[in-house]
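Indexing begins at 1, ligand by ligand and atom by atom, following the structure's order.
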Amino acid sequence: METSTLKSIAYQLMQGSKGLLAMDESTATCNKRFAELGIPQTEEYRRKYRDLIVNAPGLGDYISGAILFDETIKQSTADGTLFVDILKRNGIIPGIKVDEGAIPMLGFPGEKITEGLDGLGERLKAYYNLGARFAKWRAVITIGTEIPSTACIKANAYTLARYAMFCQEAGLVPIVEPEVVMDGRHSLARCAEVTTEVLHAVFNALYQHRVDMECMILKPNMVLPGEGSAEKPGADEIAEATIKCFLRTVPATVPGIAFLSGGQSPQLASERLNRMHTQFGEVMPWVLTFSFSRAVQQPALELWQGKDENIVAAQKALVHRAACNSAAKMGQYSSEMETV
Ligand code: 13P
């Protein structure tokens, strides 16, 4: 694949005030979210929900790329138009989650390794033919007593690098997602330490595997204390810890960093992204944006409840969150945006 084509896709994904929408929940995760709200857990309801998202008026004003799941990339609206074609019509580049989930890592209690390298080359070719131009692979790193282990960090970093190489070969921009999860009671400082170690390992592996770092996007966690921690740092402290960590670990040649939300509330995720831009906008060499799932979708899902009469309200809530995060990318978000 021509490097210039991959660079141009990465550039388009990171353009202007836009970010990415992660709508790639696996069937199990999507069903879990539906079950919490009493929505039927069937293929048709998952299709209806994704139909609502891709057809939300104005979504393309704020979203440059949408990450889909295997089931979704093949689905269509009620009138038979493929979701992929609707996205493209709205200026949104289709992407695809290609990992096959994180499983317990044998011999390392409490740690996980992500699967999905077998047959990846062939799957990527098929996804390219379905219209995908970028891909995503998520590795999960957990903080706890004596974890993460070096073995877990290295195994996940190498797997991410092998995946990224397959993607670039197949003409898809890899989104490399090493997520240090919020579960646990660790401090902000401990999250900073682990995220730094993980990112060093990931970029070292990418380098060793000859991945072109100008043709990829990093999807990291923000540096945050564990959700069970008593520490409640403000947005300033979080912005400083996060950007300092990235300045030390992420090469300036990487075109973009797009955050996962990881269980933060939608408002906090927007506020923190905004603060990173207002405090550090001048010194960041990469584009810094969002690739949220829950922090963009959750309010819309709660409004929808699986009912057709709620579709318009749900679409408005979805586009509102996309607009808030787009403003945050420009350092122009304020809590007043939440009251309109
Ligand atoms: P959240 O924003 O809900 O963390 O999801 C992002 C994602 O794509 C996880 O892989």
Side-chain angles (χ1 to χ4, degrees), residues 13 19-34 36-37 49-50 53 62-73 92-103 112-116 132 134-143 156 159-160 163-164 167 173-184 191 195 198 202 216-224 226-227 238 242 256-273 276 288-302 317-318 321-322 324-326 328-329:
L13 289 171
L20 308 177
L21 172 63
M23 48 179 291
D24 60 333
E25 299 81 7
S26 64
T27 299
T29 303
C30 190
N31 284 349
K32 191 174 124 212
R33 303 216 171 120
F34 279 12
E36 283 161 7
L37 297 166
Y49 178 56
R50 270 66 181 253
I53 295 178
Y62 309 108
I63 299 294
S64 55
I67 314 170
L68 306 172
F69 180 59
D70 180 70
E71 178 179 89
T72 322
I73 198 169
I92 300 174
I93 302 174
I96 181 78
K97 179 231 277 299
V98 299
D99 68 69
E100 293 183 333
I103 57 159
K112 289 186 170 165
I113 180 76
T114 303
E115 291 194 309
F134 69 104
K136 187 196 93 169
W137 179 293
R138 173 175 176 256
V140 179
I141 304 292
T142 309
I143 301 180
N156 276 294
T159 313
L160 277 166
Y163 139 82
C167 286
V173 169
I175 295 193
V176 172
E177 181 180 10
E179 176 175 5
V180 178
V181 291
M182 271 167 72
D183 305 359
C191 181
T195 305
V198 167
V202 167
M216 62 162 280
I217 289 163
L218 176 71
K219 177 162 173 166
N221 51 286
M222 292 187 191
V223 173
L224 302 168
E227 59 191 354
I238 288 165
T242 304
I257 299 179
F259 284 113
L260 59 96
S261 58
Q264 302 173 73
S265 75
Q267 290 82 358
L268 280 178
S270 302
E271 186 193 339
R272 291 164 176 170
L273 175 62
M276 291 179 207
L288 188 78
T289 188
F290 58 95
S291 176
F292 300 153
S293 161
R294 281 164 289 178
V296 167
Q297 289 187 49
Q298 195 60 27
L301 185 59
E302 284 169 17
L318 182 84
R321 285 262 52 91
C324 287
N325 290 310
S326 167
K329 186 189 182 192

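- The heavy atom nearest to atom 9 (C) of ligand 1, out of those in Lys219, Arg33, Glu177, is found in Glu177.
- Using 4.0 Å as the threshold, Gln297 has no heavy atom nearer than that to any atom of ligand 1.
- Among the candidates Met276, Arg272, Lys219, the single residue satisfying the side chain to side chain contact (heavy atoms under 4.5 Å, CB included) test with Phe259 is Met276.
- Atom numbering of ligand 1 starts at 1 in the shown order; those under 4.0 Å from a heavy atom of Ala22 are 8 (O).
- Among all heavy-atom pairs drawn from Leu301 and Phe34, the shortest one is CD1-CE1, 3.7 Å.
- Scanning all heavy atoms of the two residues, the minimum distance from Ser291 to Ala22 falls at O-CB, 3.8 Å.
- Close contacts between ligand 1 and Arg138 involve ligand atoms 9 (C), 10 (O) [criterion: under 4.0 Å to a heavy atom].
- Contact annotation for Lys136 and ligand 1: only side-chain heavy atoms (C-beta onward) come within less than 4.0 Å of the ligand.
- Both the backbone and the side chain of Arg294 come within 4.0 Å of ligand 1, judged by heavy-atom distances.
- Between Gly262 and ligand 1, an N or O atom pair is found at a separation short of 3.5 Å.
- Looking at Ser291 next to ligand 1, no N or O pair under 3.5 Å apart turns up.
- Among all heavy-atom pairs drawn from Tyr163 and Pro174, the shortest one is OH-CA, 3.5 Å.
- Arg33 has its side chain within reach of Ser293: a pair of non-hydrogen atoms, C-beta onward, lies under 4.5 Å apart.
- Look at Ala295 and you'll find every heavy atom at least 4.0 Å from all atoms of ligand 1.
- Set against the non-hydrogen atoms of Phe292, the atoms of ligand 1 under 4.0 Å away are 2 (O).
- When non-hydrogen atoms are compared, ligand 1 lies under 4.0 Å from the backbone of Ser293 as well as from its side chain.
- Taking each heavy atom of Ala66 and Met23 in turn, the nearest pair found is CB-SD, 4.2 Å.
- At a cut-off of 3.5 Å, with distance as the only test, a side-chain donor of Asn221 or Thr195 sits close to an acceptor on the other residue.
- Tested against Glu25, the residues Lys97, Arg138, Arg50 include a single salt bridge (charged side-chain N to carboxylate O under 4.0 Å, His left out) partner, Arg50.
- Nearest to atom 2 (O) of ligand 1 among the protein's heavy atoms is Ser261 OG, 2.4 Å.
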